[in-house]
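Heavy-atom basis, side chains included; hydrogens, waters and symmetry copies ignored. Note that ligands are numbered from 1 as they come in the structure, with each ligand's atoms numbered from 1 the same way.
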Amino acid sequence: MSEIRVGIDLGGTKVEGIALQRRELGGQERHGSREGDGEYVTLARVRRATERDRGYEHILDVTAEVLAETERQAGVKNVARVGIGMPGSLTEAGMVKNANTTALNGRPFRSDLVARLGRPIVFANDANCFALAERVLGAARGARVTFGVIMGTGVGGGIVIADEGAPRVWDGAQGIAGEWGHVALEPERGPACYCGRRGCIETYLSGPFIEKDYLARAGVARRLVDVAAARATDPAARATLEHLTEMFGRALATVVNVLDPDVIVLGGGVSNVDVLYDAGIEALRRWAFTDVLRTRVVKNAVGDSAGVFGAAFLPK
Ligand SMILES: [Zn+2]
């Protein structure tokens with residue numbers, strides 16, 4: 001039987017599982033394709049409520065149940081390649097930190113889950129899973145270096161490298177590679193960030209902060225989608241979007257200058273703001289240290305399912 005992998009996306013409201021089977025491309029490698037670009041068939045898909053209010057042990061139980069049910073529906077047992085995507089990150093001691101499912105914070109979730117399941121599991125945060133799913137199946141297919149950005153309630157990022165092999169998440173020396181949202185662009189006078197600094201990228205590019213910027217200019221609250229739609233008629237909306245695209249360009253220039261990715265793929269609710277793909281890219285062109293910008297900035301293609309697909313692609 002050809003390669004089978006299972007991904008689990010542990011979210012604040014639901015735990016999702018997926019079982020994928022690789023369909024080989026056949027004898028001849030397609031032009032330009034690399035290992036890991038095969039086609040995948042979905043064998044099973046399972047969803048359960050996280051019910052995080054019921055506490056840590058319950059979340060462990062639900063996660064184990066989702067894996068068991070996914071395997072049962074797929075007609076497979078003890079799959080060796082299991083990946084789990086979750087918000088937050090793991091400390092060197094394997095403790096969860098920065099997860100919005102706060103029952104997990106400070107708990108040895110990885111070792112507890114490995115002990116319960118009796119097999120190794122690969123963990124990554126949701127931004128890394130997003131970048132990996134977009135690289136394998138979505139808008140960044142074929143890229144050597146991908147930077148995946150999630151701009152939603154917070155701002156995160158993940159790096160995927162596919163050089164002489166299957167695409168892999170690059171997690172870095174302390175597991176924070178891609179944590180781009182907390183680079184301070186204006187540490188002296190920028191908006192206060194929950195991390196304790198001021199002027200982090202997140203305070204310019206996350207949905208709640210963009211809406212706050214509009215409120216400060218217009219004196220009335222509007223949702224981001226309405227602000228984006230009103231730019232032709234509302235000067236405050238226009239000013240908010242100009243500020244957004246300028247900061248987007250400055251923020252992504254830090255990524256382009258250091259990582260120089262082939263593709264930057266945008267995800268999260270803010271990725272639906274159209275001006276990012278013209279005025280935003282124009283601002284990036286002005287700030288990046290290059291005369292010709294070859295990096296493609298594109299919208300996600302896998303969408304909301306990127307977390308669970310990306311988790312499935314984590315194990316080698
Ligand atoms: Zn911050």
- Item | Side chains of D234 and Y214, donor plus acceptor under 3.5 Å | yes
Under 3.5 Å, sequence neighbours excluded: what are the donor-acceptor pairs made by side chains of residues 165-176?
unit_1 : atom_1 : unit_2 : atom_2 : d
R168   : NH1    : F313   : O      : 3.3
R168   : NH1    : L314   : O      : 3.4

- NZ/NE/NH1/NH2 to OD/OE distance under 4.0 Å, D112 and R116: no
- the Zn ion (ligand 1) neighbourhood, protein N/O/S only, threshold under 2.8 Å: H182 ND1, C193 SG, C195 SG, C200 SG
- Message: If you count heavy atoms of other groups shown closer than 6.0 angstrom to CZ of R45, is the number above 12?
- Response: yes
- Note on the structure: In terms of heavy-atom contacts, I59 and A103 come closest through CD1-CB, 4.1 Å
- For F209 and P191, the nearest pair of non-hydrogen atoms, with its separation, is CE2-CB, 3.9 Å
